[in-house]
Amino acid sequence: MGERILITGGTGFVGSHLAQRLAGLGHDVTITGRNRYATGRTFHPRITFARADLRDALALRALASGVDTVFHVGALTAPWGRARDFHDTNVLGTRNVVAACEAQRVRRLVHVSSTAIFFTNQDRPDLPDDAPLAQPFFNAYAASKAEAEAEVQEAVARGLDAVIVRARAVFGPGDNAILPRLLAAAASGRLRTIGDGRNRLDVTYIDNLVAALVLAREKAPRGATFTVTNDEPVELWPWLEGVLDQAGLPRPSRRISKAAVDRLGGALEAVYARLPGHPEPPLTRYSAGLLATTQTFDVRRAKEVLGYRPEVSLAEGTRRTVRHLRSTQDGHAPVAVRLSLLFTGYCTNWQHHVLAGAEHRQVPFHSMAAVLEHPHFGVTLVDTGYAPHFAAHTRRFPFSVYAKVTPVTSAHQESAAAQLAARGIAPEQVQRVLITHFHGDHVAGLRDFPTADFVASGEAWRSVARRSALGAVTRAHVPGLLPDDFLARLSLVERFEDPGIGPFPRAHDLFGDGSVRLIPLPGHAAGQMGVLVQSGPAQRTLLVADAAWTSTSWRDQRLPHPITRLIMANHRQYVSTLSRIGAFAQAFPDVEIVPTHCPEVHERHGGAARLPATTERG
């Protein structure tokens, strides 16, 4: 029978892979973390998400009730940052997890630590589990992880059944800390070989760490500590050169001495430590030292006590990771969602502004929301279109200018919430809203969905956050349309790391099953996303938001009037995105392409037949 398992940090790279493995084994898994939507691996019928902070002792105690095993994976992991932040999250957070396990009599705690506690910026080969820790610790992260281990060992002395597994340089599909950064540096020509290039190190493919964690839950004696690697030490730079060859990227042609990079990293750290907010320098001594020193580990104890054997070789893990970074996924997804379109009112605008060379007359451009009904993960909206809130929040200057430039006609019964209610779907049943971008005609109904999560790209949110009223209007954004608790419910997609499709090289697989894939479509608005939906067993739909205002735009590659550049975030990106949509249509002629405001789409999907008899001016 399956157990009840709690994973802190279950939305991160390691935690989400672990959650998928345990759910696949038949366990009921609850995950906590900062952002469930950072990866599609957090979605599975047996995975439940609970928003909780490691610093919230009461929340953790409640979540541990009735739990058999806790995997404490959550941590603040970075080469740079304030010591207090690392201490609060990694030390006090671990103390809270331990206390929750003790109070709720959890059968076993598996604590995930880090080999950073051994790092001295000097060569240290073949370290056993009981090797001396670094003295002093090289950075605040390493110090906090060592203190966290001490918290666990003190609890073991009090009687808690806990074990520690130290992870070493974990990589694989979804990792954004190791290979993607190195590949990006190589692609830009910034990567340099550090030192003589012969230093050796251990790395760990993600599936192998997950396998070790599962074994630790089942077989480790109380209080034991294990280090996990792929058990295949390699010379770092020859291995990286092989990775670059597989990725089709140039090998580093220049070399820099370790002493020089230490001086450069130290100087950058001194400067950045004095900048407001203490941003991370482009190079730190810790990051450079990891690439320049030998650090390998003896994993015999994990093999002898746990029966650990790497499931995936280093060569195969490298191939899988590079393939993931480079591949596209052009075929149909195995899971389909039910897609329907809601037309929520319209604004009136000049046709020749939207499509250069068109007639000089004003025409209605309808605003649309899309409803996605997933067989396992409920109801999702793509945007909300117009709602009465738009009129309420554009009465005063300067937002009244927005309403006058684009006069809106809408009705309460046309709002997404009202149309869903007519179908028997209450606002509370909408679990999430995907925000393609923050223009008012796409977010006017957000306030009608009081429990939904909001998902947007990080770039889109930062382009409108903290703008003055006048600055917001220049981006067609009305801050009052956002619910009062918007930030508490907002999750940002910072990286599109999953295989793309056709001319779109990268995507974000929302649920991890290919049914809903977010695709970057920048230009019209910063960080704008489109949504590719598997809308039937052999049917797909690409919602392109405002990357094209009409179907004629992408079909004929016709740009809007030059005056529209005044409201565009980036005209060059707009042209490039429009070209990609055209190329996509040629490559996948069976996919319906749906711009939000297209009159053809409105007519094709029966929007005119659903217009109310009376409307109210917005």
Side-chain angles (χ1 to χ4, degrees), residues 10-12 16 31-44 47-51 174 176 337 339 342 368-374 376-385 416-417 420 427-439 442-465 477 481-483 485-498 500 504 506-522 525-534 541-547 596:
T11 60
S16 61
I31 60 173
T32 71
R34 292 184 293 271
N35 180 1
R36 183 177 195 180
Y37 298 94
T39 169
R41 293 185 302 274
T42 61
F43 286 89
H44 185 285
I47 296 177
T48 301
F49 173 71
R51 195 181 297 272
N176 56 63
V337 302
L339 167 67
L342 308 177
M368 180 191 76
V371 186
L372 313 179
E373 297 176 72
H374 192 282
H376 299 299
F377 306 123
V379 180
T380 300
L381 280 183
V382 180
D383 292 333
T384 64
L420 287 173
E428 292 77 12
Q429 290 177 267
V430 174
Q431 298 193 21
R432 62 198 66 83
V433 180
L434 309 181
I435 301 171
T436 62
H437 60 296
F438 284 89
H439 289 183
H442 293 257
V443 299
L446 291 181
R447 287 182 174 272
D448 293 331
F449 302 98
T451 58
D453 297 330
F454 301 127
V455 183
S457 79
E459 184 181 358
W461 171 240
R462 286 187 290 273
S463 72
V464 298
H477 174 54
L481 297 175
L482 306 183
D485 61 349
F486 179 78
L487 288 178
R489 293 194 273 152
L490 175 64
S491 292
L492 298 177
V493 177
E494 296 289 4
R495 291 171 294 274
F496 294 80
E497 300 174 332
D498 298 314
F504 300 107
R506 309 306 296 161
H508 181 79
D509 191 344
L510 188 69
F511 299 122
D513 59 10
S515 63
V516 180
R517 297 163 68 187
L518 310 182
I519 295 174
L521 298 176
Q528 179 181 241
M529 302 186 303
V531 185
L532 178 65
V533 181
Q534 187 69 43
T541 304
L542 178 60
L543 308 172
V544 299
D546 291 1
T596 292

Answer yes if the side chains of H374 and D513 hold a donor-acceptor pair under 3.5 Å, and no otherwise.
yes
Set out, in order, the CA-CA distance, both residues' side-chain angles and the distance that settles side chain to side chain contact (heavy atoms under 4.5 Å, CB included) for T48 and I31, then state yes or no.
CA-CA 6 Å; T48 301; I31 60 173; over 6 Å; no
Do L492 and R34 have side-chain heavy atoms sitting under 4.5 Å apart?
no
Heavy atoms, side chains only, cut-off 4.5 Å: are L510 and L434 in contact?
yes
Taking side chain as C-beta onward, heavy atoms only, is M529 less than 4.5 Å from F496?
yes
Minimum side-chain heavy-atom gap V533-L543 below 4.5 Å:
yes
Hey, would you say the F438 and F454 ring centroids sit under 6.0 Å apart?
no
Please check this pair: side chain of E373 against backbone of L339, looking for a donor-acceptor N/O pair closer than 3.5 Å.
no
Test side chain to side chain contact (heavy atoms under 4.5 Å, CB included) on F49 and T42 and set out the steps.
CA-CA 8 Å; F49 173 71; T42 61; over 6 Å; no
Of the non-hydrogen atoms in T451 and V430, which two are nearest, and what is the gap between them?
OG1-O, 4.3 Å
Tell me if a side-chain donor or acceptor on Q431 pairs with a main-chain N or O of V379 at a distance below 3.5 Å.
no
Is there side-chain contact between I435 and L446, with heavy atoms separated by less than 4.5 Å?
yes
Could you tell me whether the side chain of S491 reaches within less than 4.5 Å of the side chain of R36, counting heavy atoms only?
no
Would you name the heavy atoms of P450 and E428 that are closest together and state the gap between them?
CG-OE2, 3.9 Å
Can V433 and T380 be said to form a side chain to side chain contact (heavy atoms under 4.5 Å, CB included), step by step?
CA-CA 6 Å; V433 180; T380 300; over 6 Å; no
Report the C-alpha separation of N35 and T11 in whole Å, then their side-chain angles, then the decisive distance to 0.1 Å, and conclude whether the side-chain hydrogen bond (donor to acceptor under 3.5 Å, both in side chains) test is met.
CA-CA 6 Å; N35 180 1; T11 60; over 6 Å; no
Using modelled atom types and a 3.5 Å cut-off, is there a donor and acceptor pairing between side-chain atoms of S457 and backbone atoms of G527?
yes
How are the rings of F43 and F377 set relative to one another: parallel (under 30°), tilted (30 to 60°) or perpendicular (over 60°)?
perpendicular
Which atom pair, heavy atoms only, marks the closest approach of L420 to L381?
CD1-CD2, 4.1 Å
Is any side-chain heavy atom of V516 less than 4.5 Å from a side-chain heavy atom of V337?
yes
Does D383 use its side chain to pair, donor to acceptor, with the backbone of T436 at less than 3.5 Å?
yes
Contacts of H508 that satisfy ring-ring contact (aromatic ring centres under 6.0 Å, His included) - sequence neighbours left out
none
Would you say the side-chain atoms of R51 pair up with the backbone N or O of G33, donor to acceptor, closer than 3.5 Å?
no
F449 side chain near R432 side chain, heavy-atom distance below 4.5 Å:
no
Between S16 (side chain) and G10 (backbone), is there a donor-acceptor pair under 3.5 Å?
no
Please name all residues satisfying ring-ring contact (aromatic ring centres under 6.0 Å, His included) with F504, sequence neighbours left out, ordered by chain then number.
F584
Please round to the nearest 0.5 Å and tell me the distance separating atom CG of L532 and atom CD1 of I519.
5.0 Å
Donor-acceptor contact present, side-chain D509 to main-chain G40, <3.5 Å:
no
Please find the pair of heavy atoms, one from R517 and one from G500, that lie closest to each other, and give the distance.
NH2-O, 2.8 Å
Is the distance between the ring centroids of H437 and H442 under 6.0 Å?
yes
If you compare all heavy atoms of A452 against all heavy atoms of R489, which two are closest, and at what distance to 0.1 Å?
O-NH1, 2.9 Å
Any residue meeting side-chain hydrogen bond (donor to acceptor under 3.5 Å, both in side chains) with T39, in chain and number order, not counting sequence neighbours:
R41
Spacing of CZ belonging to R506 relative to CG belonging to D498, to within rounding of 0.5 Å:
7.0 Å
